[in-house]
There are 2 protein chains.
Amino acid sequence: MDTFGTYLRKRREALALKRAGFSLRKVASMAGIQPSYLSKIERDQEAPPGEETIKRLAAALEVDADMLLAMGGKVSSELQAIILKRPELMSQVLQELKKLPQSAVLRLVREVRDGNW
Amino acid sequence: MDTFGTYLRKRREALALKRAGFSLRKVASMAGIQPSYLSKIERDQEAPPGEETIKRLAAALEVDADMLLAMGGKVSSELQAIILKRPELMSQVLQELKKLPQSAVLRLVREVRDGNW
DNA sequence: CCAAGTGTTTAGTGATTACTAAACACATAA
DNA sequence: TTATGTGTTTAGTAATCACTAAACACTTGG
């Protein structure tokens, strides 16, 4: 998964294998954009679309909107509000995220999710 | 700290109290932009500037660039690359961040930083 | 007084963004 | 064979973005 477009295409194709209704045209229509535009985005011929379109794509492809936004280089206003409340904290979190090996992050998240820490 | 501009202004004024060289004009010059432009940004009359300018502002004001970028609604390409490698993991991290009480996040970060977990 | 330093207002602009519309090419099914 | 569905190419555009430049207003120190 090395780019925004590649991620979109793979995700869409994975869904298409399991259920109908995930052709490029169908998904474009769900997201309210032209198929030609989605085609270019999926092949990284175009930059990631705007915030609202990314959100609709996330809904159509059943993935987390904040994550898809982040992949597209954007931060949702929701998340932005959280960050603005505690800038120095977020600064630390981001630095840790960059330093930590993946396995450590994975373990960290699991522990947080399970509440045993 | 409720907006990008307010954060910038408070940070700059805090630095100005301790040392000289943090007038609006000086900081604008450090960041390579016009004072008029910085003035508008600090008062939220203008949207946060572009990625490169945010990075230079972060350097001038001695804050974490990724955090300032996030405050400005952008994700650095560095961070984007990390996210693209493990989308489903980042999805979880973001969801946890939104759910967790601040104290929990604080404790989490401290523990991660100290390496005892 | 006036020079230097502070922040602010006004007016503008080239480049980029975030798309649309229409036609094209190919495969499969009826 | 022709209709339907798939993705792709080409050409264009309105609006927004990311700023600049210059003048204005105020305060303070020499």
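Chain letters run A, B, ... following the sequence lines, proteins first, then strands; residues in each count from 1. No hydrogens, no waters, no symmetry mates; every other heavy atom, side chains included, goes into these values.
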Using whole Å, what does the distance between atom [atom2] of nucleotide [N] and atom [atom1] of [X] come to?
X     : N      : atom1 : atom2 : answer
A:I41 : D:dG7  : CD1   : P     : 14 Å
A:E52 : C:dC19 : CD    : P     : 9 Å
B:K40 : D:dA21 : NZ    : P     : 13 Å
B:Q34 : C:dG12 : CD    : P     : 18 Å
A:L38 : C:dC19 : CG    : P     : 12 Å
B:E42 : C:dT6  : CD    : C1'   : 12 Å
A:I54 : C:dT17 : CD1   : P     : 13 Å
A:I33 : C:dC19 : CD1   : P     : 7 Å

Any donor-acceptor pair under 3.5 Å joining the side chain of [X] to the base of [N]?
X     : N      : answer
B:R25 : C:dG5  : no
A:K26 : D:dT6  : no
A:K74 : C:dT17 : no

Pair A:R19 + A:E62: basic N to acidic O under 4.0 Å: yes
Short side-chain N/O contact from [X] to OP1 or OP2 of [N], under 4.0 Å:
X     : N      : answer
A:Q45 : D:dT8  : no
A:R43 : D:dT9  : yes
A:R12 : D:dG7  : yes
B:S36 : C:dT8  : no
A:R56 : C:dA18 : no

Could you tell me which non-hydrogen atom of [X] sits nearest to which non-hydrogen atom of [Y], and how far apart they are?
X     : Y     : value
A:A70 : B:I83 : CB-CD1, 3.6 Å
A:L8  : A:L61 : CD2-CD1, 3.6 Å
A:G21 : A:M30 : O-CE, 3.2 Å

Problem - Position toward the 5' end of DNA chain C (nearest nucleotide), A:T53 or B:F22 - result: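 Closest to the 5' end, via its nearest nucleotide, is B:F22.
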Students often get this wrong, so: under 4.0 angstrom with heavy atoms, is B:E51 touching a base, only sugar-phosphate, or nothing?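 Nothing, no nucleic acid heavy atom in range.
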*Which is true for B:S23 with a 4.0 Å heavy-atom rule: it touches a base, it touches only sugar-phosphate, or it touches nothing?*
sugar-phosphate
_So B:P49 and B:I41, do their side chains get closer than 4.5 Å, heavy atoms only?_
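They are in contact (side-chain heavy atoms under 4.5 Å apart), so the answer is yes.
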